[in-house]
Amino acid sequence: MIRSLTILGATGSIGASTLDLVRRNREAFRVVALTGNRNVAVLAGLAREFAAELAVIADAALLPDLREALAGSGIAAAGGAAALVEAAQRPADLTVAAIVGCAGLAPTMAAIEQGRTVALANKEALVSAGGVMTRAVTRHGTTLLPVDSEHNAIFQCLAGNDPAHVRWITLTASGGPFRDWPAERLAHATPAEAVRHPNWSMGAKISVDSATMMNKGLEFIEAYHLFPVGEERLRILVHPQSIVHSMVEYRDGSTLAQLGPSDMRVPIASALAWPARMATPCDPLDLAAIGTLTFRAPDEVRFPATRLAREAVVAGGAAAAVLNAANEIAVAAFLAGQIAFTRIVQCCEDVLARTMPAAPHTLDDVIAVDGEARARASELLGTGQMTERLI
Ligand code: NDP
């Protein structure tokens, strides 16, 4: 059976891994829409290669370039935020939500509202919209498949079991490139060092989030919304080898874990083929060669981001959306060389302490909270009011 597929964020790292799998299984998929932000050449190349119906560039000013790059192909071209949402509304059996940051929120929600299947990589959208998004999933009967490797692992370990039987869900964390750095060295970490992840090849923003451990904080919030066991039954364990992608311990003492190579094509394949399985080109797991798997508790003194995330879940309301927005602004400022590495999480804590808007009930409420927290973070960092979502 051929499945129709849309990829929001097709030009990024998750988009590339997804399309690599589609390339190897051409007969199984038909591509409906592909989107990018500014990368016209890559977007047009992918749209031509996969004979997409539609290509959308989020930066509307680049639409003439996209039209030119697609001339004669018969592929429709569109640009701007509304066009992204329209692409997400086109009928597709499966939509991969892989835009980075809260910029992916409106198109991801639009895909969810179609009531089909959404493979979610765009964790910031779920962190910000939380209950608004999960209620939409229920209302529209949407199947939400987690792509984030940890959540995909938990999804597999839960395998339809009753969450009431779960004692713990343990999210594993590589600890990032600075996991063994002393605290005093962290302030001097450069963007080039922060994006050099020891185990995973990923986009710049999530790589910095891994370095601060905010990625694990966002994933904690993501897990809270995806798996209804309560925040007190979620915990984090540092596992530098990134082989065990997460674990579920049941109340009878059985722990189920999902293991695999550090390659996003494994969880993406699990979502693309779900509930069946598909082959990937990844090497089989050679545990004899790996030899040792180690685990340790996270150090929330050097890396306070996971504490902030837990506090945001407990605070409820708009706290997670505020945390996410402040982090996006601070990471963009760090990548632009404007602030020190350690200022990223400090900024999040400062913005959380000063901003507590009312709990969002609609998508518009979430977008308003996000905008307010972004403005507050920019003001605090002295980077000026950011008028667009840089991430
Ligand atoms: P990348 O930065 O590699 O790609 C991001 C994608 O989003 C690109 O297609 C980019 O377009 C597009 N984009 C960026 N800004 C905007 C915008 N303002 N409006 C519309 N589109 C935009 O990110 P990743 O692929 O690494 O990550 C994507 C998501 O998946 C993130 O939420 C991340 O946390 C999550 N994730 C990623 C993992 C990974 O291994 N990479 C693992 C688990 C989760 P363009 O190329 O034109 O800039």
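When a ligand or atom number is given, it counts from 1 through the structure's own listing order. Any value given below was found using the heavy atoms of this structure, including those in side chains, with hydrogens, waters and symmetry copies removed.
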_Using the side chain to side chain contact (heavy atoms under 4.5 Å, CB included) definition, which of the options I169, L126, D148 pairs with L226?_
L126

_Suppose I only count heavy atoms of L84 and a 4.0 Å limit; which atoms of ligand 1 are within that range?_
20 (C)

*Pick one: which of E300, E311, K216 meets side-chain hydrogen bond (donor to acceptor under 3.5 Å, both in side chains) with T306?*
E300

*Does K205 approach ligand 1 within less than 4.0 angstrom via side chain, backbone, both or neither, non-hydrogen atoms only?*
neither

*Sub-3.5 Å N/O-N/O distance, I14 and ligand 1*: yes

*Does S13 reach ligand 1 with a nitrogen or oxygen that is under 3.5 Å from one of the ligand's nitrogen or oxygen atoms?*
yes

_What I want to check is whether the side chains of T362 and D365 have a donor and an acceptor closer together than 3.5 Å._
yes

_ligand 1 to G12 polar contact by distance, N or O atoms, under 3.5 Å_ = yes

_Pair R307 + E349, salt bridge at N-O below 4.0 Å_ = yes

_Among I99, V56, D209, closest by any non-hydrogen atom to atom 21 (N) of ligand 1_ = I99

_Does either side chain, that of T280 or that of R265, offer a donor lying less than 3.5 Å from an acceptor on the other one?_
no

*Check ligand 1 against D148 and write out every atom of the ligand that is under 4.0 Å from a heavy-atom position of the residue.*
43 (C), 44 (C)

*Do the side-chain N and O atoms of K123 and N215 include a donor-acceptor pair separated by under 3.5 angstrom?*
yes

*Under 3.5 Å, N or O to N or O, is A103 touching ligand 1 that way?*
no

*Please state which part of N39 comes within less than 4.0 Å of ligand 1, counting heavy atoms only: side chain, backbone, both or neither.*
both

*Verify whether one side chain among N199 and S174 offers a donor that lies under 3.5 Å from an acceptor in the other.*
no

*Under 4.0 Å, heavy atoms only, figure out whether ligand 1 is touched by the backbone of V147, its side chain, both or neither.*
neither

_Heteroatom distance test (R38, ligand 1): nitrogen or oxygen, under 3.5 angstrom_ = yes

*Does R233 make a cation-pi contact with W168 (under 6.0 Å, within 45 degrees of the axis)?*
no

*Nearest-option assignment for atom 5 (C) of ligand 1, heavy atoms, candidates I57, L120, L126, V100*: V100

*Examine the side chains of D370 and N324 and answer whether a donor and an acceptor come within less than 3.5 Å of each other.*
no

*Identify whether the distance between the nearest side-chain nitrogen and carboxylate oxygen of D350 and R343 falls below 4.0 Å.*
yes

*Assess A98 for proximity to ligand 1: is some non-hydrogen atom of it under 4.0 Å away?*
yes

*Identity of the nearest option to atom 22 (C) of ligand 1, non-hydrogen atoms only, from N37, L46, D59*: N37

*Distance-only polar pair, side chains of D252 and S254, donor-acceptor under 3.5 Å*: yes

*Could E379 and R374 be called an ion pair, given the rule that one side-chain N must be under 4.0 Å from one carboxylate O?*
no

*asked:* Show me which atoms of ligand 1 lie under 4.0 Å from any heavy atom of A58.
replied: 19 (N), 20 (C)

*Would you call N215 a ligand 1 contact, heavy-atom distance under 4.0 Å?*
no

_N122 neighbourhood, listing ligand 1 atoms whose heavy-atom distance to it stays under 4.0 Å_ = 32 (O)

*asked:* As an exercise, identify every atom of ligand 1 less than 4.0 angstrom from a heavy atom of M202.
replied: 39 (C), 40 (O), 41 (N)

*Does K123 come within less than 4.0 Å of ligand 1, judged by its heavy atoms?*
yes

_Can you tell me which portion of M264 lies within the under-4.0 Å heavy-atom range of ligand 1? Options are side chain, backbone, both, or neither._
side chain

